[in-house]
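One structure is given here, and the rest of the page talks about it.
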There are 2 protein chains.
Amino acid sequence: MSAVPPPTRPAGRMRDAARTQAEILDVATQEFARQGYDGARVDEIAARTRTTKRMIYYYFGGKEQLFTAVLERAYAEIRRQEQEADVEHLEPLAAIRRLAELTFDHHEAHPDFIRLVSIENIHDASHMAASPTLSKLNTPAIDVIGRILEAGRAEGVFTAEIDAVDLHMMISSFCFFRVANRHTFGSLFGRDLVAGGTREHYRRMLGDMVIAYLTAPPASH
Amino acid sequence: MSAVPPPTRPAGRMRDAARTQAEILDVATQEFARQGYDGARVDEIAARTRTTKRMIYYYFGGKEQLFTAVLERAYAEIRRQEQEADVEHLEPLAAIRRLAELTFDHHEAHPDFIRLVSIENIHDASHMAASPTLSKLNTPAIDVIGRILEAGRAEGVFTAEIDAVDLHMMISSFCFFRVANRHTFGSLFGRDLVAGGTREHYRRMLGDMVIAYLTAPPASH
DNA sequence: CACGTAATGTACGAACTGGTACGTTAGTAA
DNA sequence: TTACTAACGTACCAGTTCGTACATTACGTG
């Protein structure tokens, strides 16, 4: 019978500022996403870390700044993935559908991020407003959409008069709602929007919706 | 110089259970919507009431049950308004557009309700799940959409194969996102989705989107 | 190998927060 | 009028929660 082994640290340096900070951010992201800003506990975040609460204040200053740091890292990751998206070599119709699908997949793959955004909206985006990093965040996705829209209109396949930001909003709202509101929606209508087999169904619905809007005969507007 | 007058009660009975409960629910709705569940303070709710904290526990039992009661009343009000909607005398196309507009207007008019739903989703709809009132809530809007869809297909104007719940989701997602995410969206893209002059713009966009989807030529699906 | 500093751990406190024990009063029915 | 109960108020507590003072140690540098 061996005693419970003491919690082993990952090999390497015992003191590693970068790793400690990253670990705190990882745990804090989970904790904030699951419990909300006020629901999350600094002690709980610390306990789930290899280090102590002292380090949270040492590196981040406080709960508020920790949450801001969590948001900043989450958005940075989004932007990174957005820049990887390569759809501009496609025909405008295919490009838009592909972009919508990438947005769709991204929302489904990052429910914690969706929750953080919901939480930040409950707080009137006060952390974002106070963060130079976040308020000056440029979003490459908008430029991509803008160029596709331009190409599509030049070719005559897009009839709708909509700009890039609004189209991005249309796509995001569908993807965001499906993930963010799945609990109340499921409870009210008995339908799990994120259930296994439904993914392709909603993915196609989104693409069809966006394409239908962009290509609708002008009469119906 | 007269002293500050003691807080005068509204005329009538001094002790009125129904009025006290309603007042607590009013304040609690505001407080929960603005601060979130964990951010809201029972003491603060009580302080903003004509009565004391003791009454909250007397009538509702605790913070958790108070939040559930707030949710129940908010959803009851929604259902009441849904039942007033009278669109089935219209042509299918006009009926759907009108229904979408009513949903749109309702979301814009009740931002507190939107926030409560966001908050409840952060908590995985646990209060709804525990409330018999809320989990057995039937939603007349779905039946209305179902009948309009049927009529529209019978007339041949609707080509899309979509059921009532999914169409409701499509409409709700647009309306919900616009209100719920206006803060982060505004911060990121510098566009206020709920600004004064933009209402008609987004209202039309929603209607066009839904109609375009429902009437799109089958080839594009 | 000494030494300075960044990095870390321990212990603790002040304020807050949900909840309750206990006492009081307005309204009502007989 | 009297007596009873629903409705209400005050004071308080126990546990929690963010934050910090102080001590300590690993690690790079010369």
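Note that the structure is a prediction, hence the values are computed from the model and not measured. Throughout, a chain's letter reflects where its sequence line sits, starting with A, and its residues are numbered from 1.
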Sequence-distant partners of A/Asp143, side chain to side chain donor-acceptor pair (under 3.5 Å), two or more places apart = none
For A/Ser118, enumerate each residue passing the side chain to side chain donor-acceptor pair (under 3.5 Å) test, keeping only those at least two apart in sequence or located in another chain.
-> none
Pair B/His127, B/Glu120: side-chain N/O donor-acceptor within cut-off below 3.5 Å = yes
For A/Asp166, enumerate each residue passing the side chain to side chain donor-acceptor pair (under 3.5 Å) test, keeping only those at least two apart in sequence or located in another chain.
-> B/Arg191, B/His201, B/Tyr202
Anything under 3.5 Å between a donor and an acceptor, one on a side chain of residues 132-139 of chain A, the other on a protein residue two or more places apart or in another chain? List them.
residue: A/Ser135; atom: OG; partner: A/Ser131; partner atom: O; Å: 2.9
residue: A/Asn138; atom: OD1; partner: A/Arg79; partner atom: NH1; Å: 3.4

Sequence neighbours excluded, the answer for salt bridge (Lys or Arg N to Asp or Glu O under 4.0 Å) partners of B/Asp192 is none
DNA chain C contacts made by residues 23-39 of chain A, counting heavy atoms under 4.0 Å | none
For residues 57-67 of chain B, which residues have at least one heavy atom under 4.0 Å from DNA chain C?
-> B/Tyr57, B/Gly62, B/Lys63
Reckon B/Thr51 has a side-chain N or O less than 4.0 Å from the OP1 or OP2 of D/dA7?
-> no
Short heteroatom pairs, N/O only, protein and nucleotides 22-25 of chain D, under 3.5 Å:
residue: D/dT25; atom: O2; partner: A/Arg15; partner atom: NH1; Å: 2.5
residue: D/dT25; atom: O2; partner: A/Arg15; partner atom: NH2; Å: 2.8

Distance check: side-chain N/O of A/Thr20 vs OP1/OP2 of C/dT8, anything under 4.0 Å?
-> yes
Please find out if less than 6.0 Å separates the ring center of A/Phe113 from that of A/Tyr75.
-> yes
Contact class for A/Ala40 vs. all strands (heavy atom < 4.0 Å): base, sugar-phosphate, or nothing?
-> sugar-phosphate
Those residues at least two apart in sequence (or on a different chain) that pass salt bridge (Lys or Arg N to Asp or Glu O under 4.0 Å) with A/Asp105 are A/Arg199, A/Arg203
Under 4.0 Å between any heavy atoms, over every strand shown, what does B/Ala46 touch: base, sugar-phosphate, or nothing? Just pick one.
-> nothing
By side chain to side chain donor-acceptor pair (under 3.5 Å), A/Lys63 pairs with (sequence neighbours left out) none
List for me each residue that meets salt bridge (Lys or Arg N to Asp or Glu O under 4.0 Å) alongside B/Glu64, sequence neighbours excluded, and say none if there are none.
-> none
Quick one: bend of the helix from C/dC1-D/dG30 to C/dA30-D/dT1 from 5 pairs per end, to 10°?
-> 10°
In whole angstroms, how far is the P atom of D/dC8 from the CG atom of B/Asp16?
-> 7 Å
Is the backbone of B/Thr51 close enough, under 3.5 Å, to the side chain of B/Arg54 for a donor and an acceptor to pair up by distance?
-> no
Expressed in angstrom and rounded to an integer, what is the separation of B/Ile56 atom CD1 from C/dG18 atom P?
-> 10 Å
